[in-house]
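Here's the structure we're looking at; comments come further down.
FYI, the numbering just counts along the sequence from 1. Numbering of ligands and ligand atoms starts at 1, following listing order.
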Amino acid sequence: MRTVRTFEATITNQKQMSDDLDQLGWAASKLWNVGRYYAQERWDTTGEIPDDGELKSELKSHERYTDLHSQSSQRVLEELAEAFTGWFGKRRNGDSRCRPPGFRKNGDSHPRSTVSFKAAGFKHDAQYQRVRLSKGRNLKEHRSDFILCEYQTRPDVDLTEWDIQQVRAVYKRDEWRLQFVCRTTIDPEPPGDETAGIDLGICNFVALSFGGESILFPGNVLKEDEYYFGKEKAKCDDSRSRKRIRIDRKRTDRRSHFLHILTKHIVSECVERRVGTIVVGDLGGIRDDKNGDSRNWGTHGNLDLHGWAFDRFTTLLDYKAEAEGIEVELVSERNTSKSCSVCGTVDGDQRVERGLYVCDECDMAMNADVNGAENIRQKVTPSLVCDGGDRSTGWLAQPAVHLFDRSEGCFAPREQVGNREP
Ligand SMILES: [Zn+2]
């Protein structure tokens with residue numbers, strides 16, 4: 001897993017270096033303004049804002065561009081283009097108060113902008129805790145003129161363990177500081193070698209099986225939101241009104257929040273049970289098949305919501321699991337709702353009544369979603385559930401249920417929810 005971290009350092013020879021750094025900081029502001037001016041002209045004549053590629057190619061022969069190392073100048077123009085993109089995005093989302101990026105001026109003078117140095121623009125000396133920063137041609141007094149900063153990081157930071165991608169000179173609280181943007185590869189040890197299975201659905205958004213224990217996560221919160229925001233939207237006459245855009249944004253935020261908390265909760269439950277692999281039933285095929293399979297997605301409606309939510313869920317789960325060293329595998333859902341996870345019998349005409357799967361062969365009655373999740377788990381770790389003997393099969397029929405508590409913003413077992421008497 002690749003991680004990016006930024007470490008800040010003080011410059012110990014600040015006095016000697018600050019004039020040179022000031023020159024660069026002011027130059028970065030001037031170049032920003034040159035780019036900002038160019039963008040304004042383009043906007044006024046064509047109604048379009050240039051992207052960073054155009055800014056770079058149009059302005060690279062500008063005098064201000066050669067005040068800084070070429071990579072530093074490129075970064076200034078990239079930041080400007082990013083600021084315009086951010087402004088566009090906000091405007092598109094209905095935020096009319098947000099302003100386009102401005103000019104960097106304080107009356108007649110300029111603020112000190114952050115200057116970034118990429119690979120060719122700095123040289124790091126780990127042994128002596130020094131970093132050499134390049135100036136642009138215009139500001140060099142002679143060919144080998146550069147800025148040599150001595151720095152100090154927090155004592156627990158050892159930059160030799162990191163791969164420095166970029167150095168930034170930042171003016172903060174009346175002094176220059178350095179930021180080292182570093183990358184490293186971390187491979188966390190998985191918590192164990194157990195396997196968990198996940199079945200995604202509509203009533204129960206997630207059924208989670210550990211093979212011996214199971215948890216259901218109802219999706220009622222998503223459905224309530226869908227109902228509520230649907231009604232709110234219906235109240236707006238104009239489909240492009242600002243209010244409607246605001247409702248859409250709020251709904252998306254609420255869904256994302258739910259999925260973030262859910263995936264985080266699931267990963268922590270998996271860590272506790274020493275899970276190294278989470279198997280997720282892939283719904284790709286089923287979603288396309290409108291009449292398909294026993295679950296009959298069409299009649300539930302909300303196909304769009306759930307298509308979006310399932311994709312987002314899987315992405316978030318993958319990302320949060322990776323940080324714990326847990327692997328997420330997608331497997332086909334084929335037959336996972338039609339098979340008995342206890343005896344392995346596959347029956348296309350299986351009875352599912354009030355959420356129960358009842359096997360004709362072994363007479364086992366189970367929660368249908370837990371049975372699905374267990375079958376998905378067994379696709380990676382084949383081991384049928386033993387009926388009888390020592391192992392209880394109660395968890396198949398009576399899973400734990402964790403509900404989303406909106407006021408607390410977390411999931412909790414059912415008995416703890418709504419049980420806070422004064
Ligand atoms: Zn069976």
Side-chain angles (χ1 to χ4, degrees), residues 192-219 266 269-270 273-287 289 291-300 306 310 313-314 317 327-402 413-414:
D193 51 14
E194 297 293 326
T195 306
I198 284 183
D199 183 49
L200 293 168
I202 289 174
C203 287
N204 288 310
F205 188 80
V206 168
L208 175 59
S209 175
F210 298 105
E213 203 183 339
S214 59
I215 309 175
L216 295 180
F217 298 90
I266 289 174
E269 296 285 339
C270 288
R273 290 167 181 81
R274 310 160 73 81
V275 167
T277 309
I278 302 175
V279 195
V280 182
D282 187 2
L283 294 150
I286 291 178
R287 243 181 282 143
D289 183 5
N291 316 310
D293 242 62
S294 57
R295 221 170 306 196
N296 203 355
W297 292 78
T299 60
H300 284 87
H306 285 90
F310 293 151
F313 170 85
T314 312
L317 183 74
E327 205 169 320
V328 174
E329 268 186 54
L330 288 178
V331 298
S332 155
E333 277 233 321
R334 208 178 132 75
N335 284 341
T336 52
S337 61
K338 296 187 216 160
S339 322
C340 171
S341 59
V342 176
C343 70
T345 302
V346 181
D347 185 349
D349 307 319
Q350 198 41 252
R351 289 173 285 149
V352 175
E353 287 161 17
R354 272 182 254 120
L356 279 188
Y357 177 103
V358 184
C359 177
D360 284 336
E361 196 61 36
C362 71
D363 274 345
M364 184 63 79
M366 311 168 251
N367 177 290
D369 293 334
V370 171
N371 181 55
E374 176 57 17
N375 280 325
I376 287 164
R377 195 188 74 82
Q378 289 178 12
K379 286 209 170 194
V380 168
T381 306
S383 57
L384 288 179
V385 176
C386 299
D387 182 18
D390 298 339
R391 286 179 67 188
S392 158
T393 50
W395 62 277
L396 284 164
Q398 284 166 318
V401 177
H402 289 193
R414 181 178 263 162

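Minimum interatomic distance between Ala207 and Ala373 (heavy atoms only, all atoms of both residues): O-CB, 3.4 Å. Counting all heavy atoms, side chain and backbone alike, Lys379 lies closest to Ser332 at NZ-O, 3.0 Å.
Relative ring orientation between Phe205 and Phe310 is described as tilted, the plane-to-plane angle lying within the 30° to 60° band.
Here the side chains of Val206 and Leu200 are in contact, with some heavy-atom distance below 4.5 Å. Contact annotation: the side chain of Ser209 approaches that of Trp395 to within less than 4.5 Å [non-hydrogen atoms, C-beta and beyond].
For the Zn ion (ligand 1), the neighbouring protein N/O/S atoms at less than 2.8 Å, given as residue and atom, are Cys340 SG, Cys343 SG, Cys359 SG, Cys362 SG.
When only modelled atom types and interatomic distance are considered, Ser341 and Asn375 share no side-chain donor-acceptor pair under 3.5 Å.
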